[in-house]
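Here the structure is laid out as structure tokens; the discussion comes afterwards.
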Amino acid sequence: MNQIKTVMFTGDSITDCDRARPVGDGFGKMGSSYVSRIFVDTWADFPTHNIHYLNSAISGNTSKMLLDRFDDDVLSYHPDYVFIMIGVNDAWRHFDGAKFTQTLIYPEESGKNMEQMILKTLETGATPVIISPYFLDRNFEDPMRKMVDEINAQYKMLAEKYNVGYIDVQTVFDEYLKTGSSYVLSSDRVHPKSVGISLIARTIYNHPAFRVIFHD
């Protein structure tokens, strides 16, 4: 590993977690999300690594909001890899009263927004990777869970269409919830506590779509 590789994480509050502005970059600046855990684990496992991690997530973002700032906040940093975790707010806005104040995003549009981000990333020669949004409820008939699942179905099709990585965090959480409580993971079924952060970080860190970075 000789050439420096820039790895950008972006998305919403699950990734943001008080990261530094204008971009999280380096010790103490990555925020308290799974990105910080991945950053630290990389230093612990590979002390001579050449990976430059960045975090450009913004709390509250929908897929449309991220798409609108994608050129300036993501691609302008010339990343080699872009890990995108977005979409839960697309669903949440349908159920939190925002329908009275903003235009709602439906799963098909979530897919179209993600597709544009994939294409923009590929055009630069960088590698995009989708990280699934999730909802911590194994009641698959819950309206918000159903919408998140519909968004993920769109994302899975895009991953296959463009042969890009798809890291399925939702399935990992579903397995945990077969025996564990959602309250250990999150107070609101979306924003993770420490155990949830650990599960997200481990899922990404050990996934082939991420591990390839150490071997490129």
Side-chain angles (χ1 to χ4, degrees), residues 7-15 33-35 38 57 61-67 70 74-75 79-95 104-178 182 185-186 189-192 196-197 199-213:
V7 178
M8 173 69 78
F9 287 89
T10 195
D12 51 38
S13 58
I14 296 169
T15 306
S33 75
Y34 64 89
V35 180
I38 290 170
N61 264 194
T62 63
S63 61
K64 178 62 166 59
M65 292 173 180
L66 179 55
L67 175 60
F70 202 73
V74 177
L75 298 183
D80 298 293
Y81 295 86
V82 180
F83 288 80
I84 308 168
M85 188 181 201
I86 198 73
V88 70
N89 287 320
D90 295 17
W92 208 346
R93 298 295 85 91
H94 289 260
F95 305 102
L104 297 178
I105 298 173
Y106 289 86
E108 184 176 357
E109 183 180 353
S110 301
K112 290 179 179 178
N113 292 336
M114 178 62 78
E115 184 169 30
Q116 288 303 305
M117 288 185 274
I118 290 171
L119 290 172
K120 283 175 173 287
T121 303
L122 290 173
E123 285 173 2
T124 70
T127 299
V129 179
I130 303 169
I131 305 171
S132 74
Y134 61 84
F135 188 57
L136 297 173
D137 195 324
R138 292 193 74 249
N139 174 12
F140 300 133
E141 296 304 312
D142 177 275
M144 186 165 163
R145 172 62 198 254
K146 288 179 71 173
M147 189 167 289
V148 172
D149 285 346
E150 290 171 10
I151 292 169
N152 277 324
Q154 294 281 330
Y155 290 175
K156 288 176 185 177
M157 287 190 293
L158 290 171
E160 293 177 2
K161 179 178 180 180
Y162 293 104
N163 192 30
V164 301
Y166 177 83
I167 302 178
D168 190 353
V169 173
Q170 180 69 73
T171 295
V172 171
F173 279 136
D174 286 345
E175 286 298 313
Y176 181 92
L177 292 173
K178 287 180 179 179
S182 66
L185 302 176
S186 171
R189 297 183 289 179
V190 172
H191 296 99
I197 290 169
L199 282 173
I200 296 170
R202 288 192 324 191
T203 300
I204 296 169
Y205 194 69
N206 293 319
H207 195 281
F210 183 84
R211 300 301 294 188
V212 69
I213 296 170

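Only heavy atoms go into these numbers, but all of them, side chains included; no hydrogens, no water, no symmetry mates. In this chain, residues are counted from 1 in sequence order.
Salt bridge status for Lys146 with Glu150: absent, with no side-chain N to carboxylate O gap under 4.0 Å. Checked for salt-bridge contact, Lys178 and Asp174 miss the test: no charged N lies under 4.0 Å from a carboxylate O.
With hydrogens and angles ignored, the 3.5 Å screen pairs no side-chain donor or acceptor of Thr10 with any backbone N or O of Ile84. Looking only at distances, a side-chain donor or acceptor of Asn152 sits under 3.5 Å from a matching main-chain atom of Pro133. Put simply, the side chain of Tyr155 never gets that close to the backbone of Gly111: no donor and acceptor are under 3.5 Å apart. Formation of a donor-acceptor pair under 3.5 Å by the Thr121 side chain with backbone atoms of Thr127 is not found in this model. Although no hydrogens or angles enter the test, the distance criterion places no donor-acceptor pair under 3.5 Å between the side chain of Ser132 and the main chain of Asp168.
Minimum interatomic distance between Ser63 and Ser110 (heavy atoms only, all atoms of both residues): OG-CA, 3.8 Å. Closest of all the heavy-atom pairs between His94 and Ile105 is NE2-O, 2.7 Å. Contact detail for Ile204 and Phe210: the closest heavy-atom pair is O-CB, 3.0 Å. Here the closest non-hydrogen pair linking Met147 and Ala91 is SD-CA, 3.7 Å. The two residues Asn89 and Asn61 have their closest heavy-atom pair at ND2-O, 2.8 Å.
Taking Arg189 as the reference, Asp137 meet the side chain to side chain donor-acceptor pair (under 3.5 Å) condition, with sequence neighbours excluded. Considering only residues two or more places apart in sequence or on other chains, Phe70 meets the ring-ring contact (aromatic ring centres under 6.0 Å, His included) condition with none of them. With sequence neighbours excluded, no residue satisfies side chain to side chain donor-acceptor pair (under 3.5 Å) with Tyr106.
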Given the rule in the side chain to side chain contact (heavy atoms under 4.5 Å, CB included) test, do Leu158 and Val164 qualify, once you have shown the distances and angles that lead to the verdict? CA-CA 8 Å; Leu158 290 171; Val164 301; over 6 Å; no
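The aromatic rings of Phe9 and Tyr34 sit perpendicular, their planes meeting at an angle over 60°, well past the 30° parallel limit.
Taking CD1 from Ile167 and CD1 from Ile200, the interatomic distance works out to 11.5 Å, rounded to the nearest 0.5 Å.
Counting heavy atoms from C-beta on, the side chains of Gln170 and Arg145 come closer than 4.5 Å.
Taking a 6.0 Å sphere around CG of Asn206, one finds it holds more than 12 heavy atoms contributed by other residues, nucleotides or ligands.
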